[in-house]
Number of protein chains: 2
Amino acid sequence: MAGVSKKRVTLADVARLAGLSSAAASMILTGRPDTRLSAEAHRRVHEAAAQLGYRPNLAAQALRTDKTRTIAFISDYVATTRYANGLIRGALAAAQEAGHVLLLLETGGEPDREVQAIEAALDRQVDGIIFAAMRAREVFVPTLPSATRVVMLNGTSSRFPLSVLPDEYAGGRSAVELLVSAGHRDHIALVGHNQIAEQGLFRSDTVARRIAGIHSAMADHGLSFAAAESCWEWEPHHGFELTLKILAQRPDVTALLCLNDRLAFGAYQALAEAGRSVPDIAIIAFDNDEIAGYLRPGLTTVALPHEEMGSAAVKLLLSSDSAGEHLVPMPIVSRASI
Amino acid sequence: MAGVSKKRVTLADVARLAGLSSAAASMILTGRPDTRLSAEAHRRVHEAAAQLGYRPNLAAQALRTDKTRTIAFISDYVATTRYANGLIRGALAAAQEAGHVLLLLETGGEPDREVQAIEAALDRQVDGIIFAAMRAREVFVPTLPSATRVVMLNGTSSRFPLSVLPDEYAGGRSAVELLVSAGHRDHIALVGHNQIAEQGLFRSDTVARRIAGIHSAMADHGLSFAAAESCWEWEPHHGFELTLKILAQRPDVTALLCLNDRLAFGAYQALAEAGRSVPDIAIIAFDNDEIAGYLRPGLTTVALPHEEMGSAAVKLLLSSDSAGEHLVPMPIVSRASI
DNA sequence: ACCATTTGCTAAATCCATTTAGCAAATGGA
DNA sequence: TCCATTTGCTAAATGGATTTAGCAAATGGT
């Protein structure tokens, strides 16, 4: 039968319909600049391609050109952290805008899975790799054979100097500034402060910067904290306990600076338990977790700009910048807790 | 100089080192069964491959075999919903286990972006597509040309009968069972109940099943709700308002059945405001959102098994099953709210 | 009118792995 | 010893796009 073949439409088919060689068709469709093909030839090829619904075979293209319009997004944990979501979303949007696509890989922070992920990415000839670190300070990155372009996202690596980070130092400063400009001075308590974090030995490097920013702004105003309770982890129940302790020591505090929203969540619960209410005692925190908007009254917080970071990473990867830390500002999300 | 060439190691290189043809090397490395190559040849090829650190070029492989060991995960929103995370995580784990990799695409629910995403996936010769629906009841899926394998995740489509869904009906039943076995009978209030949802016209189809399960279990026990307040959206502040209303109408309620955790979150706030406390009035909800564990006392909830669903979708895609809804059980996560 | 360019296009090589068809040597059977 | 198999392996085609080298015709300069 003279049936419709269901085979894939190839460049050769387009060329044939246009009455030209596939070389010509290729040059025209890829928009080569210095070709000397006639306007008429251009017209015919484009028409033929449209008519047949031609889509280039990316595998063939990749084989020839070593470009896949694909970016590997390798993260240690998509899992454990709600942060990954925003990063991925931003990266996805930027990638799509640039006509690229994202290959998602997870390593769980285990070196052998990291190697596997990198190999899987390289096997697929990705155009570049984004290493997203949710926790680690310095990411362990196995040797990359080729001259693959790499961007570190929310982490740093001595081997790959290109990185995108939240501007935690400025963020820390602006939290203090907001409190001070709301009239708080000598009765501010710090919740979650961590000695070791401050030395950059624990948690992410960026959190150390957050704390450094806070102290620098306090110093600029000649202030110091009325109380500062520290803990290793920053979950709601830690915030709860720490706040109870602070309230017992210093019933005169007027503001709580919590190092993240989950600590603040616990602080709300502790204040309720102690019969104190929230805009009465002001609270500011960091991250802009989902819960910040659920609390009553809404929690004012210095947001981690995840989406912007994700998209910055992709743009950086696709640009020709060769080094440096790219800091993304942390905006204050004002709700009703101050 | 006799320098080390940094070119990629190809199959031909391996074959040369092993003193065989690339045909032989290919057959040996792909583990073909009926080849008649000698044990010695096998040894030499594997040795050469290991020595050179050979990795097959997937683009070439894909070109020849039409297989890429890549699965497209196309979702409407990675964004808006915290659910996506677990689905992706589960899918990622299952894919990795099967030696596959995930291509992540997002459509925002817009038909033209759906088409783009599908084209991007097909261009890359993915082995299959998972359509993850976060919201929609019936997903709009544009025509797929080839015989691509497709699995619907958390949604259904008449065109693609293979789907993975949470077993909401059973989940709804078990919430009621738990309440009843804790001694609650005639003073249970339903929070968030939605007429239209029940008719399957709004929200996801699966939520309608949740509600149907609840009613069926109530009926089995010959019970009916003391109060049932409905609303269109299920955010914390809705739960707050609805609960206040219920408390005013029926101060005698002993248990709240909230249709999701965020409603329950608001219910906690309302109970606190009304001077009632939580294990005193029992609460059970659905989803097992992150916040369920943050609440004090912890919220008992019927969990959406996102990870299991994601991994089930991948396994299904890679299997040879050809039709049917695969229901994943919703486990009860017991905390302290009952 | 004659050589030098320019214009417009194509043949063929290339990227790399898989697979079919088939050759030569070794073995088996009588 | 001679033909028929079996064993062990290879040459060459294939998949689809890109790119280099280069051919033939048209145009330009004098």
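Because the structure is a prediction, the values reported are computed rather than measured.
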Closest nucleotide among dT10(D), dG16(D), dT19(D) to the Leu20(B) side chain: dT10(D)
Residue Ala60(B), side-chain atoms from C-beta onward, closest of dA17(D), dC16(C), dT19(C): dC16(C)
Residue Ala23(A), side-chain atoms from C-beta onward, closest of dT10(C), dT10(D), dA17(D): dT10(C)
Arg124(B) CZ to dG16(D) C1', straight-line distance once rounded to whole Å: 16 Å
Donor + acceptor pair across side chains of Arg124(B), Thr70(B) (<3.5 Å): no
Interatomic distance, Leu58(A) CG vs dG15(D) C1' [rounded to whole Å]: 14 Å
Interatomic distance where CZ belongs to Arg16(B) and P belongs to dA17(C) [whole Å]: 11 Å
Check: Ile71(A) main-chain N/O paired with Asp127(A) side-chain donor or acceptor under 3.5 Å: no
Touch class at under 4.0 angstrom, heavy-atom based, for Ala41(B) against every strand present: sugar-phosphate
For dA30(C), the Watson-Crick or wobble partner whose two distances fall under 3.5 Å: dT1(D)
Donor-acceptor contact present, side-chain Asn154(A) to main-chain Ala133(A), <3.5 Å: yes
OP1 or OP2 of dC9(D) under 4.0 Å from side-chain N/O of Ser38(B): yes
For atom CG of Asp123(B) and atom P of dG16(D), their distance in whole Å: 14 Å
Closest listed nucleotide, where the reference is the side chain of Arg32(A) and the choices are dT20(D), dC9(C), dT20(C): dT20(D)
Passing option when Asp123(A) is tested against Gln61(B), Arg55(B), Arg69(B) for side chain to side chain donor-acceptor pair (under 3.5 Å): Arg55(B)
For atom CG of Asp66(A) and atom C1' of dA17(D), their distance in whole Å: 13 Å
Lys67(B) NZ - dA17(C) C1' separation (whole Å): 15 Å
Among dA17(C), dG16(D), dT19(D), the nucleotide that comes nearest once only the side chain of Arg8(A) is considered: dG16(D)
Partner nucleotide, any strand, of dC23(C) [Watson-Crick/G-U, under 3.5 Å]: dG8(D)
Residues Arg44(B) and Glu47(B) bridged, charged N to O under 4.0 Å: no
Nearest to side-chain heavy atoms of Tyr54(B), which nucleotide of dT10(D), dA17(D), dA17(C): dA17(C)
Phosphate OP1/OP2 of dT10(D) contacted by Ser21(B) side-chain N/O (<4.0 Å): yes
Sugar-phosphate, base or nothing in reach of Thr65(A), heavy atoms under 4.0 Å: sugar-phosphate
Between C1' of dT14(D) and CG of Leu63(A), the distance in whole Å: 12 Å
Minimal non-hydrogen separation, Leu102(B) against Phe73(B), with atom names: CG-CB, 4.1 Å
Value in whole Å for how far the C1' atom of dG16(D) lies from CG of Leu122(B): 17 Å
Arg36(B) vs Gln61(B), nearer the 5' end of DNA chain C by closest nucleotide: Gln61(B)
